[in-house]
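One is the number of the first residue; the rest follow in order along the sequence. As the structure lists them, so they are numbered: ligands from 1, and atoms in each ligand from 1.
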Amino acid sequence: MTDVPYEEWRRRAARLSPHTGHHIGGAFVPSRDGATFPAVSPRDGRTVADVAAAGAADVDRAVAAARRAFDEGPWPRLAPADRKAALLRLAGLVERDRETLALLVSLEMGKPVAEADGIELRALIGCLRWYAEAADKLIDESPRTDAASLALVTREPVGVVGAVVPWNFPLTMAAWKVAPALAAGCTVVLKPAEESPLSALHLAALAAEAGLPDGAFNVVNGHGETAGRALGEHPGVDVVAFTGSTEVGRHFLRYAAGSNLKRVWLELGGKSPNIILPDAPDLDAAADTAAWGIFFNAGEMCTAPSRLLVHRSVAGRVLDRIVDRARTLAIGDPLDPATEMGPLVSARQRDRVLSYLEAGEAEGARLRAGGPPPGGDVGYYVRPTVFDQVKPGMRIAREEIFGPVLAVLEFDGVDEAVRLANDTDYGLAAALWTSDLSTAHRVSRALRAGTVWVNCYEEGDMSVPFGGVKRSGNGRDKSLHALDKYLDLKTTWIAL
Ligand code: NAP
Ligand code: MG
């Protein structure tokens with residue numbers, strides 16, 4: 001974890017001169033038409049840099065570079081051990097520039113700099129190393145057939161991958177696509193969120209420095225409706241790997257249907273239930289984890305445990321503790337290493353979250369903590385918010401808020417808890433707190449979610465897959481399974 005003091009982070013922020021072009025074919029370039037957009041920091045609403053905004057012509061140029069790098073370039077043809085070495089060099093350079101990248105993330109999207117360094121950068125480095133190490137350990141198959149034939153089943157890189165990601169963990173979300181795609185031998189065009197282009201551009205510069213061939217990894221910045229759409233519709237893109245909202249996920253399926261039927265992998269939103277039973281091994285730990293889970297990253301988490309389902313007999317005790325935590329959390333400048341919760345990513349996101357606070361009260365839920373922070377308009381802050389007396393039909397119980405807002409529902413029996421938990425369009429994650437082994441297994445099986453945590457939350461490892469069911473998406477990031485998204489099976493049948 002970083003021991004750089006607040007003063008020093010501010011000095012570095014003032015001196016910063018980030019990359020602002022697109023990174024295409026190994027070099028930074030401006031937009032063809034010179035268009036830019038401001039990268040605004042949510043800590044004070046100031047513009048950090050003006051960044052090139054891609055139009056269709058720029059996306060076309062990036063896809064052409066990735067296409068050339070795939071069809072003619074060395075990257076897919078390298079020995080896997082050489083791809084591994086290049087990705088390990090990249091991980092080493094990220095480690096070297098770790099504090100700069102943490103600063104960029106913190107400035108552009110408001111994550112506390114200590115978490116940007118300790119969580120986001122650690123995840124990025126770990127992910128790059130993990131897929132680098134996997135690159136030369138993939139083994140193809142030769143199924144037994146008849147004596148007169150030889151069958152080979154080989155895994156081949158699918159081609160050009162368009163990766164489109166959100167801003168909440170800008171580097172981790174990018175790495176979960178880019179690292180396995182590159183390890184598999186694909187080439188990539190990454191479109192970061194318009195709120196978080198700066199860290200992605202620094203990563204692109206490091207990829208070039210690490211010796212990745214020109215065009216293997218490209219970054220285009222800009223708006224979803226133009227740059228994201230152009231990538232989604234481009235006939236030269238073979239696969240789209242998307243993380244973001246369910247609504248935009250639908251767009252990508254339409255873009256694919258209307259163009260070349262490219263494969264579309266979707267990691268989408270969530271409204272994850274966190275069930276606390278009275279026999280939880282430690283109720284205080286369950287309450288602390290529930291609070292941490294919803295307030296971490298200002299609630300801008302696809303897996304946020306935004307619906308707390310708590311057994312009526314322990315609800316008072318659990319809730320009091322969560323409300324206490326909500327009231328004492330250190331909110332402030334993300335560049336201050338003592339800050340526990342920074343601002344939301346943008347004024348728009350803050351206003352969206354505040355609109356749910358109004359909706360919650362209007363629909364009859366009780367506000368136990370939270371609301372807009374006192375003290376003016378500098379930075380896009382919302383205080384940690386807790387609603388109890390929430391009913392399953394309320395908007396705050398059904399819609400993804402993507403902010404530090406907890407909806408608490410009470411239940412009387414386990415079956416009722418499971419029913420409530422599954423009463424959602426989403427299926428990204430769920431959690432359960434119990435000391436009873438068979439309850440743990442029975443409820444885990446009954447929960448419709450890509451991940452179920454028992455007596456913990458948000459735990460994991462690169463070795464386990466991550467993704468959702470229902471409207472939370474398809475496919476899986478992380479783990480060896482993620483490589484399957486970027487590899488096609490080819491059958492070669494040889495008559496002997
Ligand atoms: P978003 O609005 O869906 O945007 C995600 C990405 O799609 C951004 O790069 C965005 O570009 C682009 N985009 C937006 N509109 C587009 C369009 N019409 N066509 C093509 N691309 C378009 O999501 P967000 O607000 O950045 O992030 C929050 C959402 O991400 C939440 O729903 C959250 O649950 C989800 N999320 C899911 C996971 C997961 O792993 N399941 C992880 C993190 C976040 P611009 O920024 O330029 O608009
Ligand atoms: Mg957006």
List ligand 1 atoms under 4.0 Å from Gly228, heavy atoms only on the residue side. 20 (C), 21 (N)
For atom 32 (O) of ligand 1, what is the closest protein heavy atom, and at what distance to 0.1 Å? Glu400 OE1, 2.6 Å
Among all protein heavy atoms, pick out the one at the shortest distance from atom 27 (O) of ligand 1; state its residue, atom name and that distance to 0.1 Å. Pro166 CB, 3.3 Å
Indicate yes or no: does Arg395 engage Glu399 in a salt bridge with an N to O separation below 4.0 Å. yes
Output yes when Lys485 and Asp477 qualify as a salt bridge under the 4.0 Å nitrogen-oxygen rule, no when they do not. yes
Return the option from Phe402, Phe37, Trp176 holding the heavy atom at the smallest distance from atom 33 (C) of ligand 1. Phe402
For His223, the ligand 1 atoms with a heavy-atom partner under 4.0 Å come out as 47 (O)
For atom 18 (N) of ligand 1, the protein heavy atom that lies nearest, with its residue and separation: Tyr255 OH, 3.3 Å
Per-atom contacts, ligand 1 versus Val164 - under 4.0 Å to a heavy atom: 6 (C), 7 (O), 9 (O), 12 (C)
Ion pair Asp214/Arg68, N-O distance below 4.0 Å: no
Does ligand 1 come near enough to Trp167 that some N or O of the ligand is less than 3.5 Å from an N or O of the residue? yes
Could you tell me, atom by atom, which parts of ligand 1 come under 4.0 Å of a heavy atom of Phe242? 3 (O), 5 (C), 6 (C), 7 (O)
Please verify whether a non-hydrogen atom of Pro192 lies at under 4.0 Å from ligand 1. yes
Between Thr243 and ligand 1, which part of the residue brings a heavy atom under 4.0 Å of the ligand: side chain, backbone, both or neither? both
Ligand 1 atoms nearer than 4.0 angstrom to some heavy atom of His251 are 18 (N)
Hey, looking at atom 36 (N) of ligand 1, which of Ala54, Gly162, Cys302, Ala230 has the closest heavy atom? Cys302
Counting heavy atoms under 4.0 Å, the part of Met173 that contacts ligand 1 is side chain
Output field: ring centroids Phe169/Trp176 closer than 6.0 Å: no
Can you pull out the closest protein heavy atom to atom 15 (N) of ligand 1? Residue, atom name and distance to 0.1 Å, please. Val248 CG2, 3.5 Å
Hydrogens and angles aside, do Asn221 and Lys191 bring a side-chain donor and acceptor to less than 3.5 Å of each other? no
Arg122/Asp117 salt bridge by N-O under 4.0 Å criterion: no
Ion pair check, Arg67 and Asp60, cut-off under 4.0 Å: no
Short list, please: which atoms of ligand 1 are under 4.0 Å from a heavy atom of Phe252? 20 (C), 21 (N)
If you measure from the Lys or Arg side-chain nitrogens to the Asp or Glu carboxylate oxygens, is any gap between Arg352 and Glu400 under 4.0 Å? no
Geometric N/O contact Val165 with ligand 1, under 3.5 angstrom: yes
So is Ser472 polar-close to ligand 1, meaning N/O to N/O under 3.5 Å? no
Residues Glu133, Arg129: salt bridge by 4.0 Å N-O rule: no
Between Asp238 and Lys262, is there a side-chain N and carboxylate O pair less than 4.0 Å apart? no
Heavy atom of protein inside 4.0 Å of atom 4 (O) of ligand 1, strictly below: no
Glu267 heavy atoms, cut-off 4.0 Å: which ligand 1 atoms fall inside? 37 (C), 39 (C), 40 (O), 41 (N)
Atom 48 (O) of ligand 1 [closest protein heavy-atom partner, distance rounded to 0.1 Å]: Glu194 OE1, 2.8 Å
Salt bridge Asp58-Arg32, side-chain N to carboxylate O under 4.0 Å: no
Quick one: sort the Trp167 and Phe402 rings into parallel, tilted or perpendicular, breaks at 30° and 60°. perpendicular
Quick check, are the ring centers of Phe37 and His223 under 6.0 angstrom apart? yes
For ligand 1, is there an atom lying under 4.0 Å from some heavy atom of Gly222? yes
Can a salt bridge be assigned to the pair Arg263 and Asp488 using a cut-off of 4.0 Å between side-chain N and carboxylate O? yes
For Glu108 and Ser41, test the side chains for any donor-to-acceptor distance below 3.5 angstrom and give the result as yes or no. no
Looking only at protein heavy atoms, what sits closest to atom 1 (P) of ligand 1 is Ser245 OG, 3.6 Å
Atom 35 (C) of ligand 1: closest protein heavy atom, distance to 0.1 Å, is Gly244 O, 3.1 Å
Which part of Asp477 is near ligand 1, with near meaning a heavy atom under 4.0 Å away: side chain, backbone, both or neither? neither
Does even one non-hydrogen atom of Phe169 get within less than 4.0 Å of ligand 1? no
Looking only at protein heavy atoms, what sits closest to atom 13 (N) of ligand 1 is Gly224 CA, 3.4 Å
What class does the angle between the rings of His202 and His19 fall in, given that below 30° is parallel, 30 to 60° is tilted and above 60° is perpendicular? tilted
Short list, please: which atoms of ligand 1 are under 4.0 Å from a heavy atom of Glu195? 46 (O)
